[in-house]
Amino acid sequence: MTQPEPVGELPLLTTAELPDGVRVPVRALRAPAPERFLPSGSGPAPGPPPAPAVLILPAMGTSARFYRRFARHLHDEGLTVLTADLRGQGEAATPRATGRGARDHGYRTHDHGYRALVEEDLPAVLRAVRAELGPEPPLYLLGHSLGGQLCLLYAALGAGPAVDGVALVASGSVWFRAYGPLRAPGLLLGEVLIAATATALGRWPGARLGFGGNQPKGVMRDWAHQGLTGRYAARGATLDYEAALAALELPVLAVSVEHDTLAPASALDHLLGKVPRARLTRRHYTAREAGARLDHFAWTRAGGPLAKQVAAWATAEERPERGRAARG
């Protein structure tokens, strides 16, 4: 029997099955199909291309449901908009999704880290999305905070279906030196303590401690490694993440947010320094534009003007050669 959707929930598009059987619901607001007139006695007439699709990837410890309002703003601008939880969060953490008890939060092992997220989980989600949307619509990733970092890594590594560009909002490197001399010592200490705590406990109880949500030690150790060294080198990875980022040539929209102390412009600068060949568009979203107070999370509640910028960027970009879509 079909369960009713929660009030305000986005419609379910499909369910992606990750390599170990964890199921991740993918929700979507689809743009109307373009009209194509069929002259009498002829085949289908050429028509406008389908609207771009944007898949939103959440911040660490944040449910995909948090982005519903911003998703509707993007849809109002004519885009197909999709949301999916990262493993262990939101709908991807329930016993119904994982087939397990809630305690393990959907992780097959507590060593599950960046490599599994970008080389296994996201390819499975993107394959499920492409199976539903077909090959035609341009497909962009939009990542918030950690979600933005994962978007760039996925696009650079080429471990799954190709994407046509990446948008970063309130995202950046967590390298402690990128936060300036006043904040760097505190961030350095915090990253060391978080990695040590996750290692000692075998997991990170972020819901209880107030940062990052519940995570396996693998995610937090990879996060802390990047924060301490400034480099992406996920445990167990055989691919060179830094070299892949340096070779990325896709369009990248990078948006810093006013009063964002968790991902300030300097942290975004450090992340963008890793993709020198990307076709970069840089924006700074201000409270004046939004008409509301902004911070690392509040922009999602005042995202109408930002959605216009994202839609303009996605529709203006020339699409790469579609031969890339054969990946994955």
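- Note that the CG atom of L150 and the CG atom of L86 stand 6.0 Å from one another [nearest 0.5 Å].
- Rounded to the nearest 0.5 angstrom, T229 OG1 and R177 CZ are separated by 11.5 Å.
- With a 4.5 Å cut-off between side-chain heavy atoms of Ile, Leu, Val, Met, Phe, Trp and Tyr, the cluster of L189 takes in L193.
- Put simply, the residue from L122, V166, V125 that forms a side chain to side chain contact (heavy atoms under 4.5 Å, CB included) with Y154 is L122.
- For the pair L253 and V255, the minimum side-chain heavy-atom distance is below 4.5 Å.
- Applying the ring-ring contact (aromatic ring centres under 6.0 Å, His included) definition to pairs two or more places apart or across chains, those involving residues 188-215 are F211-W223.
- Using modelled atom types, one finds no donor on one side chain facing an acceptor on the other under 3.5 Å when comparing S171 with Q149.
- Applying the salt bridge (Lys or Arg N to Asp or Glu O under 4.0 Å) criterion to R301, with sequence neighbours excluded, gives no partner residue.
- Ring orientation note: the planes of F297 and H144 are nearly perpendicular, at an angle over 60° on the 30°/60° scale.
- Every ring-ring contact (aromatic ring centres under 6.0 Å, His included) that F70 has, sequence neighbours left out, goes to W299.
- Between the side chain of Y140 and the main chain of A314, a donor-acceptor pair closer than 3.5 Å is present.
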Using the rule given for salt bridge (Lys or Arg N to Asp or Glu O under 4.0 Å), can you reason through E91 versus R65, listing the C-alpha separation, both sets of side-chain angles and the distance that settles it, and then say yes or no? CA-CA 9 Å; E91 293 183 288; R65 299 180 78 247; over 6 Å; no
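- Checking side-chain atoms of S145 against main-chain N and O of G147 turns up no donor-acceptor pair under 3.5 Å.
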Would L142 and Y67 count as a side chain to side chain contact (heavy atoms under 4.5 Å, CB included) here? Give the steps. CA-CA 11 Å; L142 186 152; Y67 301 90; over 6 Å; no
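- If you chain together hydrophobic residues whose side chains sit under 4.5 Å apart, I194 and L201 never meet in one group.
- For the side chain to side chain donor-acceptor pair (under 3.5 Å) test, residues two or more places apart in sequence or in another chain that qualify with W313 are E317.
- Listed here is the closest heavy atom pair of Y114 and A234: CB-CB, 3.8 Å.
- A salt bridge links E120 with R115: the closest approach of a Lys/Arg side-chain nitrogen to an acidic carboxylate oxygen falls below 4.0 angstrom.
- What you find for G212 and Q215 is that their closest heavy atoms are O-NE2, 2.8 Å.
- Judged as a salt bridge (Lys or Arg N to Asp or Glu O under 4.0 Å), and not counting sequence neighbours, R283 has no contacts.
- Taking D240 as the reference, nothing meets the salt bridge (Lys or Arg N to Asp or Glu O under 4.0 Å) condition, with sequence neighbours excluded.
- At a threshold of 4.5 Å between non-hydrogen side-chain atoms, the residues L306 and V257 do not count as touching.
- A salt bridge links R87 with D20: at least one charged nitrogen is closer than 4.0 Å to a carboxylate oxygen.
- Remark: H73 engages no residue in a ring-ring contact (aromatic ring centres under 6.0 Å, His included) (not counting sequence neighbours).
- Scored by the salt bridge (Lys or Arg N to Asp or Glu O under 4.0 Å) test, R72 finds no partners at all (sequence neighbours excluded).
- The ring-ring contact (aromatic ring centres under 6.0 Å, His included) contacts involving residues 225-271 comprise W175-H270, where partners must be two or more places apart or lie in separate chains.
- Other residues, nucleotides and ligands contribute only 12 or fewer heavy atoms inside 6.0 Å of the CZ atom of R69.
- Checking side-chain atoms of T315 against main-chain N and O of A311 turns up a donor-acceptor pair under 3.5 Å.
- Between the E132 side chain and the V26 main chain, no donor and acceptor come within less than 3.5 Å of each other.
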Let me check something: any side-chain donor-acceptor pairs from residues 11-18 under 3.5 Å, sequence neighbours excluded? List them with distances.
none

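- The nearest pair of heavy atoms linking A159 to V118 is CB-O, 4.1 Å.
- With rounding to the nearest 0.5 angstrom, the CG atom of L262 is 12.5 Å from the CG atom of L146.
- In this structure a side-chain-to-backbone donor-acceptor pair under 3.5 Å is missing from E119 to A116.
- Residues S173 and Q226 form a side-chain contact, since some pair of their non-hydrogen atoms from C-beta on lies under 4.5 Å apart.
- Considering only heavy atoms from C-beta on, D260 stays 4.5 Å or farther from L294 through its side chain.
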Show me, pair by pair, the donor-acceptor contacts under 3.5 angstrom made by side chains of residues 74-81, not counting sequence neighbours?
| residue | atom | partner | partner atom | Å |
| --- | --- | --- | --- | --- |
| H75 | NE2 | R30 | O | 3.0 |
| E77 | OE2 | K308 | NZ | 3.1 |
| T80 | OG1 | A31 | N | 2.9 |

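- For R183 (side chain) and T261 (main-chain N/O), a donor-acceptor pair under 3.5 Å exists by modelled atom type.
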